[in-house]
Colleague: 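Could you have a look at this structure, given as structure tokens, before my questions?
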Amino acid sequence: FFFSSRRRHTRFRNVTGVQTCALPIYKDAKPWYPSEIVPFEVDESHIEIDSATKSAIYINGLTEDNLAHYTSTLKRLFGRSGPWAEWNNRWTWEESFHGRAIERYIDHLGIFDNNWLESARKVQLTTGNVPEPDSITEISIYASIQEELTRLAHSRLSQRLQGVGKKLFALIAGDELRHHHFYNTVATAIRERFPDEFTQSLYKTIKRFDMPGMGIPGYNAHADDIENAGIFTSADVARTIGKIAVGSWRLDSLSDDAKLDDNRQLIEKIHKRLGVYSRLSKVALDKADKVKYHVTWGKGHPKIGRAH
């Protein structure tokens with residue numbers, strides 16, 4: 001990598017170039033514009049949207065709106081100048097673009113009360129409750145997993161919608177896939193050059209992994225509704241973490257590359273943690289009809305109660 005802060009980042013300088021990671025993923029990318037994808041003159045008032053899908057639109061939209069906090073974390077770790085900053089700025093624009101596109105779609109549908117939605121957005125942004133990785137290695141690992149899960153969440157939502165929404169969330173999912181490819185390339189390069197540091201960061205990341213929307217008001221209740229409908233589940237999280245860790249990052253051979261005995265023990269803990277994720281996801285599937293919360297939508301806003 002080529003970083004702006006020599007003091008913090010010199011040891012990563014020879015891994016790979018940020019441009020080398022970023023440029024290929026944008027080679028075939030085609031620009032799209034919310035005003036073209038979400039034309040207000042198209043009437044979709046006849047389309048019915050179920051409760052869980054409304055919860056997914058709400059969670060996905062407000063997750064994108066939390067951009068300022070994500071960018072602050074990336075600037076703290078990557079610096080404010082140089083190729084890393086160029087990537088961060090491009091990523092920031094795209095995520096901001098997603099947030100504005102979803103907001104336009106919500107206005108297009110008219111399914112949420114604007115005052116209620118803005119109040120929820122205010123709580124989320126003023127609280128600033130988002131994951132905070134501690135290092136470049138951690139953010140690369142976390143973002144690789146998180147961006148793939150975000151892609152999946154948007155893709156699944158696209159499949160449940162018709163017309164404008166179907167196309168919009170499919171386009172956003174495609175952008176998130178490119179983001180995943182970038183961070184996965186970076187994380188893989190760190191794994192090859194610094195396996196011991198990578199092992200420690202991987203363990204910390206999966207031990208405390210959470211999606212970035214956790215600060216959204218009513219997050220747990222809406223997540224229950226979304227999981228119960230099979231839109232985005234804890235099983236998806238378990239499978240994705242396992243697929244990336246074992247596939248992309250060759251977890252099974254990491255113990256051969258790590259030099260420190262303590263890290264070999266950490267790898268065993270990582271395997272156990274992945275097993276815990278898998279077991280918990282199966283429990284969640286078995287108890288899908290016994291969720292803790294129930295969400296019903298009134299006139300533009302949800303009512304959250306305990307499930308019976």
Side-chain angles (χ1 to χ4, degrees), residues 25-26 28-38 44 47 49-67 69-71 90-109 111-112 117 120-121 124 130-131 142-184 209-216 218-219 222-241 243-244:
I25 68 173
Y26 287 109
D28 299 319
K30 296 180 180 180
W32 57 275
Y33 304 95
S35 59
E36 296 177 357
I37 303 302
V38 190
E44 293 193 335
I47 296 178
I49 299 178
D50 62 65
S51 174
T53 302
K54 287 180 181 179
S55 288
I57 294 171
Y58 167 66
I59 293 295
N60 288 18
L62 260 65
T63 296
E64 300 287 353
D65 286 339
N66 226 12
L67 177 65
H69 296 296
Y70 312 146
T71 297
R90 171 65 185 252
W91 177 89
T92 297
W93 171 75
E94 288 195 0
E95 296 295 355
S96 173
F97 186 81
H98 295 164
R100 287 182 281 115
I102 296 174
E103 185 174 0
R104 184 181 175 94
Y105 176 63
I106 290 172
D107 288 341
H108 168 70
L109 290 178
I111 57 173
F112 298 149
L117 186 62
R121 186 179 288 118
Q124 179 197 24
V130 297
Y142 174 81
S144 176
I145 296 169
Q146 175 265 315
E147 293 283 12
E148 169 59 13
L149 287 168
T150 302
R151 178 205 66 78
L152 181 61
H154 287 309
S155 180
R156 292 267 183 81
L157 181 52
S158 170
Q159 294 168 21
R160 292 179 70 92
L161 294 169
Q162 304 174 41
V164 169
K166 189 176 190 67
K167 186 173 183 180
L168 172 64
F169 285 98
L171 286 168
I172 295 175
D175 287 346
E176 302 294 0
L177 179 60
R178 284 191 291 274
H179 299 167
H180 160 71
H181 283 326
F182 174 81
Y183 286 112
N184 193 48
F209 185 84
D210 208 340
M211 290 296 284
M214 58 188 184
I216 296 173
Y219 177 79
H222 290 285
D224 265 0
D225 209 24
I226 292 166
E227 171 134 14
N228 195 31
I231 301 174
F232 184 81
T233 70
S234 52
D236 294 324
V237 176
R239 282 194 296 265
T240 298
I241 293 177
K243 180 182 70 175
I244 295 174

Colleague: Anything under 30° is parallel, anything over 60° is perpendicular, the rest tilted; go ahead and classify Trp32 against Phe97.
Modeller: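 Rings of Trp32 and Phe97: perpendicular, over 60°.
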Colleague: Between Tyr219 and Gly213, what is the shortest heavy-atom contact and its length?
Modeller: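 Looking at all heavy atoms of both residues, the shortest contact is CD1-O, 3.0 Å.
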Colleague: Minimum heavy-atom separation for Ala101 and Val38, please, with both atom names.
Modeller: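 Residues Ala101 and Val38, closest heavy atoms: O-CG2, 4.3 Å.
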Colleague: Taking the side chain as everything from C-beta on, heavy atoms only, tell me whether Leu168 gets closer than 4.5 Å to Leu161.
Modeller: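 Side-chain contact under 4.5 Å: no.
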Colleague: Going by an N to O cut-off under 4.0 Å, is there a salt bridge joining Asp236 and Arg239?
Modeller: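 Salt bridge: yes.
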Colleague: Can you tell me how far apart CG (Asp50) and OG (Ser55) are? Round to the nearest 0.5 Å.
Modeller: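 If we round to the nearest 0.5 Å, Asp50:CG and Ser55:OG are 9.0 Å apart.
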Colleague: Rounded to the nearest 0.5 Å, what separates atom CG in Leu177 from atom CD in Glu148?
Modeller: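 It is 6.5 Å, given to the nearest 0.5 Å.
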Colleague: Hey, are the side chains of Met214 and Pro131 touching, using non-hydrogen atoms and a 4.5 Å cut-off?
Modeller: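 Answer yes - side chains close enough.
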Colleague: Which residues pass the side-chain hydrogen bond (donor to acceptor under 3.5 Å, both in side chains) test with Glu64, not counting sequence neighbours?
Modeller: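 side-chain hydrogen bond (donor to acceptor under 3.5 Å, both in side chains) list for Glu64, sorted by chain: His154.
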Colleague: Mind checking the NE2-OG spacing from His181 to Ser144? Nearest 0.5 Å is all I need.
Modeller: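 Between atom NE2 of His181 and atom OG of Ser144 there are 10.0 Å.
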Colleague: So, Gln146 and Thr150: side-chain donor and acceptor under 3.5 Å apart, yes or no?
Modeller: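 Yes - a donor-acceptor pair under 3.5 Å links their side chains.
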Colleague: Counting only N and O atoms by type, is there a donor-acceptor contact under 3.5 Å from the side chain of Glu227 to the main-chain atoms of Ser234?
Modeller: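 At least one qualifying donor-acceptor pair exists.
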Colleague: At what distance, to the nearest 0.5 angstrom, does CG of Asp65 lie from OH of Tyr70?
Modeller: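 Between Asp65 CG and Tyr70 OH, I get 8.5 Å after rounding to 0.5 Å.
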Colleague: To the closest 0.5 Å, what do you measure between CZ (Phe169) and OH (Tyr105)?
Modeller: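 So the CZ of Phe169 and the OH of Tyr105 are separated by 6.5 Å.
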Colleague: Could you work out, with side chain to side chain contact (heavy atoms under 4.5 Å, CB included) as the rule, every residue matching His69, not counting sequence neighbours?
Modeller: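 Partners of His69 by the side chain to side chain contact (heavy atoms under 4.5 Å, CB included) criterion, ordered by chain and then number, come out as Asn66, Leu125, Val130.
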Colleague: Rounded to the nearest 0.5 Å, what's the gap from CZ on Arg121 to CD1 on Ile216? Could you check?
Modeller: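 Answer for the CZ-CD1 pair, Arg121 versus Ile216, is 10.5 Å.
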Colleague: Flag the pair His180 / Ile244 as yes when at least one side-chain heavy-atom distance between them is below 4.5 Å, and no otherwise.
Modeller: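 Yes; the side chains approach each other to less than 4.5 Å.
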Colleague: Under a 4.5 Å cut-off applied to non-hydrogen side-chain atoms, are Ile172 and Ile102 in contact?
Modeller: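 The answer is yes; the side chains approach within 4.5 Å.
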Colleague: Between Thr63 and Asn60, is any side-chain donor less than 3.5 angstrom from a side-chain acceptor?
Modeller: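 There is no such pair (donor and acceptor under 3.5 Å, judged by atom type) between the side chains of Thr63 and Asn60.
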Colleague: Any salt bridge linking Arg90 with Glu94? Criterion: basic side-chain nitrogen under 4.0 Å from a carboxylate oxygen.
Modeller: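 Here Arg90 pairs with Glu94 in a salt bridge, since their nearest N and O are under 4.0 Å apart.
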Colleague: Would the distance check show the side chain of Arg160 and the main-chain N or O of Ile231 forming a donor-acceptor pair, the cut-off being under 3.5 Å?
Modeller: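 Not at all, since once roles are kept as given, no pair shorter than 3.5 Å links the two residues.
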Colleague: If every non-hydrogen atom of Gln124 is compared with every non-hydrogen atom of Leu62, which pair is closest and at what distance?
Modeller: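 In terms of heavy atoms, the two residues are closest at NE2-O, 2.8 Å.
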Colleague: Between the main-chain N or O of Asp210 and the side-chain N or O of Tyr142, is there a donor-acceptor pair closer than 3.5 Å?
Modeller: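 Indeed, once roles are kept as given, a pair shorter than 3.5 Å links the two residues.
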Colleague: So does Glu103 pair up with Arg100, basic N to acidic O under 4.0 Å?
Modeller: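 No.
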Colleague: Can you confirm whether Tyr183 sits close enough to Glu147 that some side-chain heavy atom of one is under 4.5 Å from a side-chain heavy atom of the other?
Modeller: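 With C-beta onward as the side chain, the pair touches.
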Colleague: Locate the shortest heavy-atom distance separating Ala56 from Leu157; write the atom from each residue and the value.
Modeller: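 Reported closest heavy-atom pair: CB-CD1, 3.9 Å.
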